[in-house]
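A short write-up of the structure that comes next.
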2 protein chains.
Amino acid sequence: MELSERQLQILQAIIDDYVENAEPVGSRSLTKHHDLGVSPATIRNEMSDLEEMGYLTHPHTSAGRVPSDKAYRLYVNELMKKKNLTSSEKKAINDRLAASRDEFDTTLRHAAELLSEITHLASFAMTPAANEDTISFIRLMPVDERTIILMIVGDSGNVTNTTLRLTVPYTQEGLELLSKNMTVNYKGRTLDDVLKSEIIEDVGDDLEALSQLRGSVMPSFMRTLEDMMNVHLYMEGMMNIFNIPEYSSIDRARDFMELFSRKDEFTRQMLERGDGVVVTIGEENDNMKDCSLITATYHVDGKLVGKIGVIGPTRMKYDEVTSIMEYLTNNLSESFKLTDGKDKR
Amino acid sequence: MELSERQLQILQAIIDDYVENAEPVGSRSLTKHHDLGVSPATIRNEMSDLEEMGYLTHPHTSAGRVPSDKAYRLYVNELMKKKNLTSSEKKAINDRLAASRDEFDTTLRHAAELLSEITHLASFAMTPAANEDTISFIRLMPVDERTIILMIVGDSGNVTNTTLRLTVPYTQEGLELLSKNMTVNYKGRTLDDVLKSEIIEDVGDDLEALSQLRGSVMPSFMRTLEDMMNVHLYMEGMMNIFNIPEYSSIDRARDFMELFSRKDEFTRQMLERGDGVVVTIGEENDNMKDCSLITATYHVDGKLVGKIGVIGPTRMKYDEVTSIMEYLTNNLSESFKLTDGKDKR
DNA sequence: GTTAGCACTCACTCAAGGAGAGTGCTAATC
DNA sequence: GATTAGCACTCTCCTTGAGTGAGTGCTAAC
């Protein structure tokens with residue numbers, strides 16, 4: 001069952017040709033484009049064997065061969081070599097990410113943009129799942145007589161704020177007291193933990209007015225926590241798929257696009273994937289059985305984990321794409337180190 | 001050149017049929033579906049006149065008639081009647097918007113979602129252009145020894161924050177001093193004004209350390225102001241266009257989608273449009289000459305102006321869409337009143 | 001002014017035929 | 001025994017042409 005050296009060589013050649021041209025490759029054209037040292041007839045015999053082993057398929061009798069998912073899997077696991085990015089590619093990545101270094105979500109969106117520009121495929125970037133992030137402090141600030149701002153800051157630097165319209169009046173002192181009170185209660189606890197816990201009616205030295213204020217603020221507090229935990233998903237380059245022969249029929253294109261309109265489901269699926277560069281090919285995916293999906297993880301502050309990804313036809317340049325993603329995630333992780341080297345707590 | 005009553009009736013019938021079926025309508029089928037009281041031959045004569053006047057076109061000799069942009073314009077200006085939304089439609093809109101009343105951007109996104117769900121077209125919502133918004137206060141808050149949060153609050157309730165990584169150390173007092181200092185300098189000024197002004201090196205009672213801190217903060221401050229001014233664009237229902245016969249070819253679909261991938265350009269164009277419900281049909285648009293575009297404006301705090309919009313083929317149900325948008329924008333404006341009735345300054 | 005009748009036009013569908021790329025098998029060759 | 005040349009066969013794709021049907025435009029009658 002082991003493939004011979006020559007079979008591997010032929011398989012690689014077929015994959016190369018097919019990835020390039022998106023058309024079934026025949027024995028004769030293969031010998032033309034590659035120096036394999038044997039005649040088409042020999043290629044045919046080998047192709048026939050490879051097909052029997054499940055590495056190639058046949059759209060119809062008189063067509064050339066097409067690599068199967070199994071072939072791509074073999075290629076990804078054994079055959080492909082890491083590509084080195086050119087220094088201009090590296091520079092483009094570095095420049096684009098550096099421009100927005102201190103704005104987390106913007107940086108991520110740029111990463112997704114880069115990914116789709118370089119690979120000419122659809123790409124996405126997700127913020128980390130923040131349920132393990134811990135609360136650093138909570139602050140309430142006045143805007144006008146009926147409007148306040150609620151701000152929650154996590155230890156990872158994750159910040160969310162909401163503008164609240166109150167139905168009860170408030171005082172500056174009331175806000176400060178409640179801010180401190182909430183910070184004391186929740187500091188150091190994970191978002192997940194706080195969200196799941198009962199709302200604590202800490203009556204300690206509460207005044208009547210304060211407890212009213214708390215009552216108005218708590219529902220929004222919980223909602224904001226949830227939003228803070230939510231993974232944000234940025235998608236880029238969806239248009240690219242229109243240029244890919246695989247999706248040149250309107251129905252295929254629609255199917256492809258619909259995967260992404262269900263953002264929540266898509267996000268959930270992506271979260272389940274492992275760390276590092278993960279490649280899933282065709283049938284290996286739960287839905288999108290005619291796509292390949294490559295994800296890679298980056299780290300924030302060495303702790304929280306976010307993902308970026310690329311989606312395209314199974315016929316894609318796995319070597320290039322994985323190499324770019326590796327470089328990109330390393331770069332992101334480096335950017336997102338909060339305090340260089342030191343543990344900040 | 002004035003159209004007769006019968007011609008208007010026929011034109012309306014043709015528009016109705018064509019909007020419904022997306023197929024050129026012939027004289028015979030028109031008499032079948034509408035009670036016009038005349039024979040197909042008469043219809044043909046009238047159609048011929050209408051075509052001469054530019055209200056109808058002919059894909060080819062032996063096909064039925066298709067309304068021209070001019071016909072839709074006439075329809076929108078003269079013929080169409082306002083549709084009343086059913087109470088269940090109204091309820092759906094009210095419920096969906098009420099659920100997120102205090103989170104501005106979320107509410108807007110929901111509005112766009114609603115719009116595309118009801119109309120089955122592509123839709124968008126834009127936050128107001130905030131260059132006229134004035135600064136209420138600025139605050140700097142510590143996170144850890146190298147990280148602070150910069151928060152800018154506008155008088156309209158517009159809040160933006162950024163996490164900054166400092167290369168210089170800071171003190172709590174330094175942050176507070178700088179916050180106050182910046183607030184005093186910028187309070188009441190419009191974002192536009194501040195962005196355009198030179199960075200003021202207010203050396204008054206500045207310490208050396210403070211001026212260093214200011215130096216690190218100012219570039220991010222400016223960048224954050226810019227972000228705050230930026231119009232956010234939420235697009236929904238792009239997938240809907242796959243179900244529209246006009247865009248059933250991959251090329252047309254691609255052209256359509258490409259309009260939206262250029263978000264900045266698109267936003268700029270939309271900002272130029274007038275207030276209230278604005279309908280532009282086919283050739284009346286600068287690009288997207290085969291689409292119609294309907295926009296409507298909502299108000300925040302009676303002052304800032306944002307837009308929502310719908311894009312589809314010129315063949316669309318103008319009466320329904322405009323009615324829904326009118327209802328929706330009224331609802332949004334109502335939601336976004338900060339302090340009911342009273343002027344808050 | 002309206003209508004019936006009829007010739008004509010044009011897109012669309014379907015089947016048939018030819019071209020081209022490729023396979024699979026067999027027999028000859030190295 | 002592996003490799004190769006040769007050839008019949010298969011299947012898609014493209015083109016062509018005939019047939020169909022919806023619709024118009026014109027003319028003559030009402």
Side-chain angles (χ1 to χ4, degrees), chain A residues 2-11 13-18 20-68 71 245-246 248-249, chain B residues 2-11 13-18 20-68 71 245-246 248-249:
Chain A
E2 191 77 350
L3 292 181
S4 73
E5 193 57 39
R6 191 170 69 186
Q7 285 176 323
L8 286 174
Q9 205 188 345
I10 291 172
L11 191 58
I14 293 173
I15 290 175
D16 285 350
D17 270 24
Y18 187 68
E20 193 64 37
N21 307 314
E23 266 162 31
V25 349
S27 54
R28 211 174 111 75
S29 71
L30 199 66
T31 52
K32 266 189 196 159
H33 302 133
H34 300 263
D35 187 20
L36 297 165
V38 287
S39 77
T42 311
I43 302 283
R44 281 204 287 281
N45 291 331
E46 296 285 29
M47 277 176 161
S48 180
D49 291 350
L50 284 168
E51 181 164 3
E52 207 170 325
M53 288 187 269
Y55 291 106
L56 296 176
T57 56
H58 230 176
H60 58 266
T61 339
S62 64
R65 301 311 212 285
V66 171
S68 66
E246 274 86 342
S248 64
S249 103
Chain B
E2 190 75 352
L3 292 180
S4 72
E5 192 56 39
R6 192 170 71 185
Q7 284 175 322
L8 287 175
Q9 205 187 347
I10 290 171
L11 190 59
I14 292 172
I15 290 175
D16 285 350
D17 270 24
Y18 186 68
E20 192 65 38
N21 307 313
E23 266 162 32
V25 350
S27 55
R28 212 176 108 77
S29 72
L30 198 67
T31 52
K32 267 189 195 162
H33 301 133
H34 299 264
D35 188 20
L36 297 165
V38 289
S39 77
T42 310
I43 302 282
R44 279 204 287 281
N45 291 330
E46 295 286 29
M47 277 175 159
S48 179
D49 292 350
L50 285 168
E51 182 164 2
E52 207 168 327
M53 287 186 271
Y55 292 105
L56 296 176
T57 57
H58 231 176
H60 58 265
T61 339
S62 66
R65 297 320 209 283
V66 171
S68 67
E246 272 86 343
S248 63
S249 105

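First the proteins, then the strands, lettered A, B, ... as listed; each starts at 1.
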Nearest whole angstrom, please: distance from the [atom2] of [N] to the [atom1] of [X].
X	N	atom1	atom2	result
E23(A)	dT12(D)	CD	P	15 Å
R6(B)	dT2(C)	CZ	P	4 Å
Q7(B)	dG1(C)	CD	P	12 Å
L50(A)	dT23(C)	CG	C1'	15 Å
L30(A)	dG22(C)	CG	C1'	13 Å
H60(B)	dG25(D)	NE2	P	12 Å
I43(B)	dT24(D)	CD1	P	10 Å
E51(B)	dG23(D)	CD	P	15 Å

Is the phosphate of dG1(C) approached by R44(B) (side-chain N or O, under 4.0 Å from OP1 or OP2)? no

Less than 4.0 angstrom between a side-chain N/O of S27(B) and OP1 or OP2 of dT24(D), yes or no? yes

For DNA chain C, whose closest nucleotide is more 5', that of G37(B) or that of N45(A)? G37(B)

Starting at the 5' end of DNA chain C, which residue's closest nucleotide do you reach first, V38(B) or T61(B)?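 That would be V38(B).
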
Using a cut-off of 4.0 Å on non-hydrogen atoms, how would the nucleic acid contact of A63(B) be classed: base, sugar-phosphate, or nothing? sugar-phosphate

For [X] and [Y], work out which heavy atoms get closest and say how close.
X	Y	value
G64(B)	P59(B)	O-CD, 3.4 Å
T31(B)	S39(B)	CG2-C, 4.1 Å
Y18(B)	E23(B)	CD1-O, 3.2 Å

Which listed nucleotide (dG22(C), dG25(D), dA4(C)) is nearest to the side chain of R65(B)? dG25(D)

Answer yes or no: side-chain N or O of S62(A) and base N or O of dT10(D) forming a donor-acceptor pair under 3.5 Å.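 Present.
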
Does a distance-only test, which skips hydrogens and angles, find a donor-acceptor pair under 3.5 Å between the side chain of R28(A) and the base of dG6(D)? no

Please check: side-chain N/O of S68(A) versus main-chain N/O of G54(A), any donor-acceptor pairing under 3.5 Å? yes

Donor-acceptor pair, side chain of E20(A) and main chain of D17(A), under 3.5 angstrom: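 Side chain of E20(A) to backbone of D17(A): no pair is present.
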
